K.L.:
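One structure, as structure tokens, below. Some questions next.
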Amino acid sequence: MKIIMLGAPGAGKGTQAKMIAEKYGIPHISTGDIFRANIKNGTELGKEAKTYMDKGLLVPDELTVKLLLDRVAQKDCGNGYVLDGFPRTIPQAEVLDKALSGLGDRIDYAINVDVPDENIINRMSGRRACLSCGATYHLVHIPPKKEGICDNCGQPLVLRDDDKPETVKNRLQVYHEQTQPLIDFYTAKGVLKTVDGTQDMQDVFAAITAILD
Ligand code: ADP
Ligand code: AMP
């Protein structure tokens, strides 16, 4: 099963993608996590990506597409995957589509986690991330067991540089301009499913599994 998560930054794509990956036994692939791992390890790719990410801009397609196509060609993707944060532009979606159709394959579901802009600023300012294992929490809605510490790996939680309110505004604008058109793209392919992302995390997940099961 090949799944794409769509939605504004902070809509809950990563939170749901992790749950989907666990339930269906497929890898969760987040281009944002891959970039953050590169930043943490001080790679050239990380240094370049950071200049865009910190401004709330998209990393250029030339850097992003190859990285994603290499990742989905790996062995663990044989039974499918859930993509979180890719594609984010029409050209990215077209490249993925072409690569898949070359293999006689296609995306099965594009799940649009729908959350209005008004809720997004609150989601992002309360988000706390573990840069070690990629786990995500929310100070109010999904708190860790021990304040400031990741439940999974015990590392400290941080407010991402790009989750500061001034950057979030840019990211929302970029989302509406460059990523939202993907809703029409996947509707035209007959694979778009929209869920109400303002519900409790478990209710959002129930709506998604009702589609996938
Ligand atoms: P995205 O991957 O779309 O950027 P995340 O999954 O990281 O979004 O979620 C953004 C923030 O909102 C995180 O702090 C997360 O813990 C929180 N969150 C996710 N889903 C819900 C939900 N259904 N209700 C409340 N908060 C949520
Ligand atoms: P995310 O973790 O999905 O919120 O992504 C964080 C940031 O990484 C985004 O704001 C972009 O700067 C960059 N990024 C992640 N995925 C992509 C992508 N598919 N295309 C371009 N930039 C991306």
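Counting starts at 1 for both ligands and their atoms, following the listed order. As the structure is a prediction and not an experimental result, all values here were calculated from the model.
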K.L.:
Are any of the side-chain nitrogens in Asp161 or Arg36 under 4.0 Å away from the carboxylate oxygens of its partner?
P.N.:
no
K.L.:
What atoms in ligand 1 come closer than 4.0 Å to a heavy atom of Thr15?
P.N.:
5 (P), 6 (O), 9 (O), 15 (C), 19 (C)
K.L.:
Is the closest heavy atom of Tyr52 to ligand 2 under 4.0 Å?
P.N.:
no
K.L.:
Closer than 4.0 Å to some heavy atom of Gly85 - which atoms of ligand 2 meet that?
P.N.:
16 (N), 17 (C), 18 (C), 19 (N)
K.L.:
Measure the CG-NZ distance between Asp61 and Lys66 for me, rounded to the nearest 0.5 Å.
P.N.:
15.0 Å
K.L.:
Less than 4.0 Å between a side-chain N and a carboxylate O, is that true for Lys55 and Asp162?
P.N.:
no
K.L.:
Is the closest side-chain donor-acceptor distance between Thr43 and Asn41 under 3.5 Å?
P.N.:
no
K.L.:
At their closest point, which heavy atom of Gly10 faces which heavy atom of Ile120, and how far apart are they?
P.N.:
C-CD1, 3.9 Å
K.L.:
Between His141 and ligand 1, which residue portion shows a heavy-atom distance shorter than 4.0 Å: side chain, backbone, both, or neither?
P.N.:
side chain
K.L.:
Would you check if Ile3 and Leu212 make a side-chain contact, meaning some heavy-atom pair closer than 4.5 Å?
P.N.:
yes
K.L.:
Can Arg171 and Asp163 be said to form a salt bridge (charged side-chain N to carboxylate O under 4.0 Å, His left out), step by step?
P.N.:
CA-CA 9 Å; Arg171 293 173 68 194; Asp163 278 352; 2.9 Å; yes
K.L.:
Would you say Arg88 and ligand 2 have an N/O pair spaced under 3.5 Å apart?
P.N.:
yes
K.L.:
List ligand 1 atoms under 4.0 Å from Thr136, heavy atoms only on the residue side.
P.N.:
7 (O), 13 (C)
K.L.:
Heavy-atom contacts with Asp200 under 4.0 Å: which atoms of ligand 1 show up? List them by number with element.
P.N.:
23 (N)
K.L.:
Within the structure, does Asp33 bring an N/O atom to less than 3.5 angstrom of an N/O atom in ligand 2?
P.N.:
no
K.L.:
Could you identify the single nearest non-hydrogen protein atom to atom 23 (N) of ligand 1 and state the distance to 0.1 Å?
P.N.:
Gln199 O, 2.8 Å
K.L.:
Look at atom 27 (C) of ligand 1 and find which of Met201, Gln202, Met5, Arg123 reaches it with the closest heavy atom.
P.N.:
Arg123
K.L.:
Of the side chain and backbone of Ile142, name the one, both, or neither that has a heavy atom under 4.0 Å from an atom of ligand 1.
P.N.:
side chain
K.L.:
For ligand 2, which atoms have a heavy atom of Leu57 less than 4.0 angstrom away?
P.N.:
11 (C), 12 (O)
K.L.:
Need the ligand 1 atom indices (1-based, order shown) with element for anything under 4.0 Å from a heavy-atom of His138.
P.N.:
14 (O), 16 (O), 17 (C)
K.L.:
Less than 3.5 Å between some nitrogen or oxygen of Arg127 and one of ligand 2, yes or no?
P.N.:
no
K.L.:
Does at least one non-hydrogen atom of Arg160 fall below 4.0 angstrom from an atom of ligand 2?
P.N.:
yes
K.L.:
Quick one: look up the protein heavy atom nearest atom 10 (C) of ligand 1 and list residue, atom name and how far away it is.
P.N.:
Gly10 O, 3.5 Å
K.L.:
I'd like to know if Asp108 and Lys2 make a salt bridge, using a cut-off of under 4.0 Å between side-chain N and carboxylate O.
P.N.:
no
K.L.:
Can you tell me which residue and heavy atom of the protein come closest to atom 8 (O) of ligand 2, and the distance to 0.1 Å?
P.N.:
Met53 CE, 3.4 Å
K.L.:
Using every non-hydrogen atom in the two residues, find where Phe35 and Leu45 come nearest and quote the distance to one decimal.
P.N.:
CE2-CD1, 4.2 Å
K.L.:
Taking both backbone and side-chain atoms of Thr31, is any N or O found less than 3.5 Å from an N or O belonging to ligand 2?
P.N.:
yes
K.L.:
Cation over ring, Lys50 on Tyr52, under 6.0 Å and within 45°?
P.N.:
no
K.L.:
Run His176 and Asp117 through side-chain hydrogen bond (donor to acceptor under 3.5 Å, both in side chains) and show every step you take.
P.N.:
CA-CA 10 Å; His176 288 300; Asp117 287 7; 2.9 Å; yes
K.L.:
Just verifying a value: how many Å separate Asn152 CG and Lys145 NZ, rounded to the nearest 0.5 Å?
P.N.:
8.5 Å
K.L.:
For atom 4 (O) of ligand 2, find the nearest protein heavy atom and state the residue, atom name and distance (0.1 Å precision).
P.N.:
Arg171 NH2, 2.9 Å
K.L.:
Students should be able to answer this: which protein heavy-atom is nearest to atom 8 (O) of ligand 1, and at what distance?
P.N.:
Gly12 N, 3.2 Å
K.L.:
Geometry only, no angles: is Tyr137 polar-contacting ligand 1 at N/O separations under 3.5 Å?
P.N.:
yes
K.L.:
Taking N or O atoms only and a 3.5 Å limit, does Val59 qualify as a polar contact for ligand 2?
P.N.:
yes
K.L.:
Does any N or O in the side chain of Thr179 come within less than 3.5 Å of the main-chain N or O of Arg88, such that one atom is a donor and the other an acceptor?
P.N.:
yes
K.L.:
Look at atom 2 (O) of ligand 1 and say which protein heavy atom is nearest, naming residue and atom and giving the distance to 0.1 Å.
P.N.:
Gly14 N, 2.8 Å
K.L.:
Group every Ile, Leu, Val, Met, Phe, Trp and Tyr by side-chain heavy-atom contacts under 4.5 Å, then state whether Phe86 and Tyr81 land in the same group.
P.N.:
yes
K.L.:
Is Leu139 linked to Ile142 within one hydrophobic cluster, defined over Ile, Leu, Val, Met, Phe, Trp and Tyr using a side-chain heavy-atom separation of less than 4.5 Å?
P.N.:
no
K.L.:
Where is the nearest protein heavy atom to atom 7 (O) of ligand 1: which residue, which atom, and how far?
P.N.:
Arg127 NH1, 2.6 Å
K.L.:
Taking only heavy atoms of Thr64, which atoms of ligand 2 are found under 4.0 Å from at least one of them?
P.N.:
18 (C), 19 (N), 20 (N), 21 (C)
K.L.:
I need the Glu147 CD to Arg128 CZ distance, nearest 0.5 Å.
P.N.:
9.5 Å
K.L.:
Take every heavy atom of Ala8, measure it against each atom of ligand 1, and state whether any distance is under 4.0 Å.
P.N.:
yes
K.L.:
Can you list the atoms of ligand 2 that are under 4.0 Å from a heavy atom of Gln92?
P.N.:
18 (C), 19 (N), 20 (N), 21 (C)
K.L.:
Pairs of nitrogen or oxygen atoms closer than 3.5 Å, one from Pro9 and one from ligand 1: do any exist?
P.N.:
no
